[in-house]
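The next block holds one structure in the form of structure tokens; read it before the comments.
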Amino acid sequence: GAGVSQTPSNKVTEKGKYVELRCDPISGHTALYWYRQSLGQGPEFLIYFQGTGAADDSGLPNDRFFAVRPEGSVSTLKIQRTERGDSAVYLCASSDGQRETQYFGPGTRLLVL
Amino acid sequence: AQSVTQLDSHVSVSEGTPVLLRCNYSSSYSPSLFWYVQHPNKGLQLLLKYTSAATLVKGINGFEAEFKKSETSFHLTKPSAHMSDAAEYFCVVSLRSNDYKLSFGAGTTVTVRA
């Protein structure tokens with residue numbers, strides 16, 4: 001079946017603007033994760049959803065970052081007042097339960113000018 | 001806390017020769033260990049994972065890794081490299097008690113020469 005999809009694939013914005021990044025997980029997967037990958041580094045954990053609730057948001061860097069998953073499927077990562085340091089690839093993953101393999105989407109490349 | 005160190009940022013091999021990607025981890029508790037591969041413009045794909053069963057783990061595409069607790073290592077190998085193996089490889093660790101939170105190494109870029 002279809003894998004994890006993310007939109008947009010690329011986003012260019014100006015410093016101070018608001019952006020939303022969308023993740024469509026694999027159908028039926030209860031767990032969803034967001035990671036951020038800066039240039040030349042491995043992905044870093046941001047937040048984990050089990051169903052509709054954020055079970056662990058300890059990786060969100062500050063209160064400008066927020067994520068929702070209102071119906072337990074699609075998730076949106078929201079970044080307010082973007083800064084140049086937010087430029088990175090934002091990766092979404094989903095799994096069929098907490099202990100199962102995480103399947104990653106292709107990512108959204110965010111560039112803040 | 002757990003962390004991962006990938007000892008080589010870049011590895012270059014000739015097609016048909018062995019590949020060795022080195023990874024050391026630190027973890028206060030029994031870890032789960034993974035190798036993921038990332039091809040350009042594609043999502044991360046799981047190659048293999050270790051979760052306390054056999055210490056030699058076989059993965060997809062002919063890759064395997066050996067868990068050595070005494071050396072805190074989880075090196076990835078393949079006997080014969082193929083051109084399609086050119087990609088970025090990540091060693092990843094998670095705690096059994098917190099196993100949804102993957103901690104990635106910085107990655108190793110593999111190039112394969114014809």
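The sequence lines fix the lettering, A, B, ..., with proteins before strands; numbering per chain opens at 1.
The neighbour count for L39(A) CG, taken as heavy atoms of other residues, nucleotides or ligands under 6.0 Å away, does not exceed 12. At most 12 non-hydrogen atoms from other residues, nucleotides or ligands lie less than 6.0 angstrom from CZ of F66(A). For K11(A), the NZ atom is loosely surrounded, since the number of other residues' heavy atoms within 6.0 Å does not exceed 12. Applying the 6.0 Å contact sphere to CZ of F67(B) captures more than 12 heavy atoms from other residues, nucleotides or ligands.
Atom CZ of F34(B) sits about 7.5 Å away from atom CD of Q102(A), to the nearest 0.5 Å. Remark: I47(A) CD1 to K101(B) NZ distance equals 11.0 Å, nearest 0.5 Å.
Contact of L46(B) with chain A is made through the side chain alone, with heavy-atom distances under 4.5 Å. Q37(A) touches chain B through its side chain: at least one heavy atom from C-beta onward sits under 4.5 Å away, while N, CA, C and O do not. For S95(A), no part lies near chain B; criterion is any non-hydrogen pair under 4.5 Å.
A continuous path of hydrophobic side-chain contacts links Y89(B) to V93(B) [ILVMFWY only; heavy atoms under 4.5 Å]. Under a hydrophobic-cluster definition in which Ile, Leu, Val, Met, Phe, Trp and Tyr are linked whenever side-chain heavy atoms come within less than 4.5 Å, directly or via other members, F104(A) and L110(A) are assigned to different clusters. At a threshold of 4.5 Å between side-chain heavy atoms, the hydrophobic network of Ile, Leu, Val, Met, Phe, Trp and Tyr places F104(B) and W34(A) in two separate groups.
When each of Q6(B), Q38(B), K42(B) is checked for heavy-atom pairs under 4.5 Å with chain A, Q38(B) comes out on top.
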Report task. Kindly indicate, with the supporting measurements, whether the criterion side-chain contact (heavy atoms from CB on, under 4.5 Å) is fulfilled by L102(B) and Y35(A). Result -> CA-CA 9 Å; L102(B) 303 181; Y35(A) 293 81; 3.4 Å; yes
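The shortest side-chain heavy-atom distance between Y36(B) and P43(A) does not fall under the 4.5 Å cut-off.
Y48(A) and Y100(B) have parallel rings, their planes meeting at less than 30° on a 0 to 90° scale where 60° marks the start of perpendicular.
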